[in-house]
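Computed over heavy atoms, backbone and side chain alike; hydrogens, waters and symmetry mates excluded. So you know, we letter chains A, B, ... as the sequences are listed, proteins then strands, and number each from 1.
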Number of protein chains: 2
Amino acid sequence: MPPKPAAPSSGRITLREVARALGVSVATVSNAYNRPDQLSAALREQVLETARTLGYGGPDPLARSLRRGRTGVIGVVYDAPLEYAFADPAAAQFLGSVAQALQDASYNLLLLASPADTQADPLLPVQSASVDGLIVYSAAQNSDLLRAVLSRNLPTVLVDQDQHAQAAGVGIDDAGGATLAAQHLLGLGHTHIGVLCLELGLRQGGGRVTHERERQIVYHPTAERLRGYREAVAAGTPAHAQLFLTEAGRNTIADGEACALELLQAEPQTTALLCMSDVLAHGALRAAHTLGWAVPQRLSIIGYDDAPGSADLNLTTVWQPTSEKGRRVGQAMLALLGGEAQVDVRLPTRLIVRGSTAARPATPAQHL
Amino acid sequence: MPPKPAAPSSGRITLREVARALGVSVATVSNAYNRPDQLSAALREQVLETARTLGYGGPDPLARSLRRGRTGVIGVVYDAPLEYAFADPAAAQFLGSVAQALQDASYNLLLLASPADTQADPLLPVQSASVDGLIVYSAAQNSDLLRAVLSRNLPTVLVDQDQHAQAAGVGIDDAGGATLAAQHLLGLGHTHIGVLCLELGLRQGGGRVTHERERQIVYHPTAERLRGYREAVAAGTPAHAQLFLTEAGRNTIADGEACALELLQAEPQTTALLCMSDVLAHGALRAAHTLGWAVPQRLSIIGYDDAPGSADLNLTTVWQPTSEKGRRVGQAMLALLGGEAQVDVRLPTRLIVRGSTAARPATPAQHL
DNA sequence: CTGTTAGCGCGTTCAC
DNA sequence: GTGAACGCGCTAACAG
């Protein structure tokens with residue numbers, strides 16, 4: 001019989017010690033916490049009382065999870081420093097509604113992001129997180145990150161991404177919304193249209209988009225939105241309308257501003273801007289202000305997302321059901337956890353016309 | 001010798017099975033993952049290879065955590081539906097910078113909030129989360145939630161709260177900032193000043209603040225900011241200046257708007273508004289717009305936080321170092337985890353004057 | 001460099 | 001209603 005050295009007073013009290021202190025079996029103590037109906041109310045009270053005086057705070061969550069094979073945690077994978085995730089009101093709104101949906105089913109959200117620290121393995125968090133499921137918010141197609149996620153063989157929901165055989169998907173009609181935006185501008189007579197793109201590829205981009213770079217797009221929303229813009233222009237009325245593409249390094253107001261400034265100075269004939277997010281559009285508004293270009297008289301600006309706050313900026317934009325998307329993601333995850341089959345949901349988008357767009361000015365380039 | 005029924009093909013592959021398949025010991029496999037220097041590179045490659053063909057995805061995170069006594073997760077407790085946490089840009093910014101700071105040390109953030117579901121125990125998430133530390137973002141003093149957090153006896157950081165003997169604290173000079181804001185208005189000659197308060201007490205409040213309710217304040221920032229306002233008025237120059245208090249149900253733009261409308265209609269002599277957050281101030285701006293009151297000519301508005309985006313609203317506000325606060329919280333947590341003693345940090349606040357405040361109009365109440 | 005052993009703290013059979 | 005044993009999957013310590 002092996003000895004029982006069982007750390008006697010090593011700070012942490014265990015269920016076993018409570019059992020011994022009261023002279024009952026461990027099962028009884030366990031039942032006191034997990035199945036009140038399995039023992040008399042009086043005994044249960046005694047157990048809890050002893051636990052209290054001993055300073056035992058209840059079953060260790062970790063051991064319980066290991067035993068039960070369930071953690072009650074869902075991981076959310078974001079393919080960029082979390083600081084940017086939270087800087088985008090639309091992303092924040094999305095996360096909030098996912099959290100809400102899962103929380104109602106007693107799941108909590110674990111934020112997983114690659115360490116900015118270059119020497120650490122960026123896949124580690126995803127590989128070593130104790131979760132019951134994974135939600136991927138913004139990952140490049142065919143990336144190591146995505147592979148790492150899928151290789152965990154957990155219930156997985158992919159958001160705003162290409163459909164995948166091994167995971168549920170929730171997304172929006174990215175291209176359709178983009179087409180509406182471009183058509184709106186074409187209908188207003190614009191022909192020199194700048195495009196502020198979200199990140200296209202993995203290596204940090206930025207600035208004028210070359211043909212080669214455009215072929216490397218790995219982010220679904222970026223690819224689809226651009227396709228939507230292109231399709232509208234290809235089929236649109238002012239046959240000579242053209243798109244001028246720039247890529248913002250990251251989805252921040254500052255980068256949107258810098259990017260817009262660069263574009264507008266390089267192409268002063270530009271009379272309208274298609275922005276792939278409201279955050280970028282916000283930056284564009286600042287840029288216009290800096291340059292002294294009146295919006296919408298001199299420059300029309302369209303965003304994407306209809307983020308909270310965009311109404312107050314009076315920004316014309318493509319609306320997407322951000323909160324519902326989050327809710328659907330939560331539901332999809334719960335369905336997977338419940339053993340149901342995967343689904344793939346595409347939600348609609350709409351154009352919201354506000355005050356940042358107007359007809360193309362008669363003499364566009366006269367500011368030069 | 002007990003039998004070894006060890007689930008043979010129950011879907012999940014274990015480290016032990018990999019060891020057996022290759023004919024090595026479990027320790028060797030474990031070492032292949034955790035201490036590459038403890039075995040030959042060749043053997044290690046063999047192990048990983050076998051694992052790959054067997055479909056073994058590496059050590060189970062849960063078991064590893066149990067064994068190591070460390071999860072790599074820090075819980076963030078928020079005392080309200082997470083949806084509101086994310087709706088406030090300042091809160092989002094704060095969370096982002098906490099996440100960033102911890103992530104650099106390979107910790108991830110677990111979002112903990114009470115289930116909105118009324119039948120579930122709101123303390124359960126906090127009690128049963130597998131975490132190495134807890135950060136409390138917005139909890140009522142002396143609340144069950146706070147008690148539940150502290151009773152876990154984990155490294156704990158309290159944000160924007162009264163100092164506590166058992167936890168580190170990070171906060172700002174709430175009262176000082178509020179005083180600056182009120183002094184600014186007094187200096188501009190305002191005497192009828194409305195106050196849009198954040199939540200005061202536990203039971204849902206809202207509307208005119210009674211004396212009794214004011215005595216029940218349980219939220220540190222609310223209490224301190226109000227104290228700051230009061231002190232400025234008590235010591236300020238227009239001796240007859242008065243404060244009119246209203247409480248917003250929650251910290252949302254919509255509630256701020258409703259609250260401001262109610263206040264302004266009840267007290268039309270009001271020429272200035274002190275708002276306890278930029279979110280509420282944002283609502284106030286909308287209310288002014290609705291009423292047709294020009295800002296700042298007819299009504300001055302001051303916010304609190306200097307949230308991202310407030311500059312574009314041209315809002316005069318009290319700035320706080322939100323990102324640095326997050327970073328400090330992360331550092332404080334890391335220090336606690338490293339065994340260092342608790343610290344208590346108070347960060348400064350400043351007044352940022354923009355365009356939403358101006359001198360009191362000569363004929364204030366003439367709109368009636 | 002490799003193998004053996006002993007738990008981490010708990011939940012769950014069983015038999016009583 | 002209760003108690004004893006086993007093992008969830010892994011890693012640290014030690015023995016070889």
Fill in: Donor + acceptor pair across side chains of A/Asp162, A/His220 (<3.5 Å)
yes
Worksheet entry | Between D/dG1 (P) and A/Asp37 (CG): distance, integer Å | 8 Å
Fill in: Atom-pair distance (CZ on A/Arg44; P on D/dG1), nearest Å
13 Å
Worksheet item: Using a distance-only test with no angle check, is there a side-chain donor-acceptor pair under 3.5 angstrom linking B/Thr71 and B/Asp132?
Response: yes
Strictly under 3.5 Å: I want the nitrogen or oxygen pairs between protein and nucleotides 10-14 of chain D, one per line.
{"unit_1": "D/dC10", "atom_1": "OP1", "unit_2": "B/Tyr56", "atom_2": "OH", "d": "2.6"}
{"unit_1": "D/dC10", "atom_1": "OP1", "unit_2": "B/Asp60", "atom_2": "N", "d": "2.9"}
{"unit_1": "D/dC10", "atom_1": "OP2", "unit_2": "B/Leu15", "atom_2": "N", "d": "2.5"}
{"unit_1": "D/dT11", "atom_1": "OP1", "unit_2": "B/Asn34", "atom_2": "ND2", "d": "3.0"}
{"unit_1": "D/dT11", "atom_1": "OP1", "unit_2": "B/Arg64", "atom_2": "NE", "d": "3.0"}
{"unit_1": "D/dT11", "atom_1": "OP1", "unit_2": "B/Arg64", "atom_2": "NH2", "d": "3.4"}
{"unit_1": "D/dT11", "atom_1": "OP2", "unit_2": "B/Ser30", "atom_2": "OG", "d": "3.0"}
{"unit_1": "D/dT11", "atom_1": "OP2", "unit_2": "B/Asn34", "atom_2": "ND2", "d": "3.4"}
{"unit_1": "D/dT11", "atom_1": "O2", "unit_2": "B/Arg67", "atom_2": "NH1", "d": "2.4"}

Response to the item:
Taken to the nearest whole Å, CG/A/Leu22 to C1'/D/dT2 is 13 Å
Worksheet item: OP1, OP2 of C/dC10 versus side-chain N and O of A/Ser65: anything below 4.0 Å?
Response: no
Worksheet item: Where do A/Arg147 and A/Asp144 come nearest, in terms of heavy atoms and distance?
Response: NH2-OD1, 2.9 Å
Worksheet item: Are any of the side-chain nitrogens in A/Glu17 or A/Arg20 under 4.0 Å away from the carboxylate oxygens of its partner?
Response: no
Worksheet item: Which value, rounded to the nearest 0.5 Å, describes the distance between B/Tyr137 atom OH and B/Leu158 atom CG?
Response: 13.0 Å
Discussion item. Any base atoms under 4.0 Å from B/Leu39, or only sugar-phosphate, or nothing? Heavy atoms, all strands.
Written reply: sugar-phosphate
Practice prompt. Pick base, sugar-phosphate or nothing for B/Leu62, based on heavy-atom distances below 4.0 Å to the nucleic acid.
Written response: nothing
Practice prompt. State which residues pass ring-ring contact (aromatic ring centres under 6.0 Å, His included) with B/Phe86; sequence neighbours excluded, sorted by chain then number.
Written response: A/Phe86
Discussion item. For C/dG3 and B/Thr28 - does any side-chain N or O of the residue sit under 4.0 Å from the phosphate oxygens OP1/OP2?
Written reply: yes
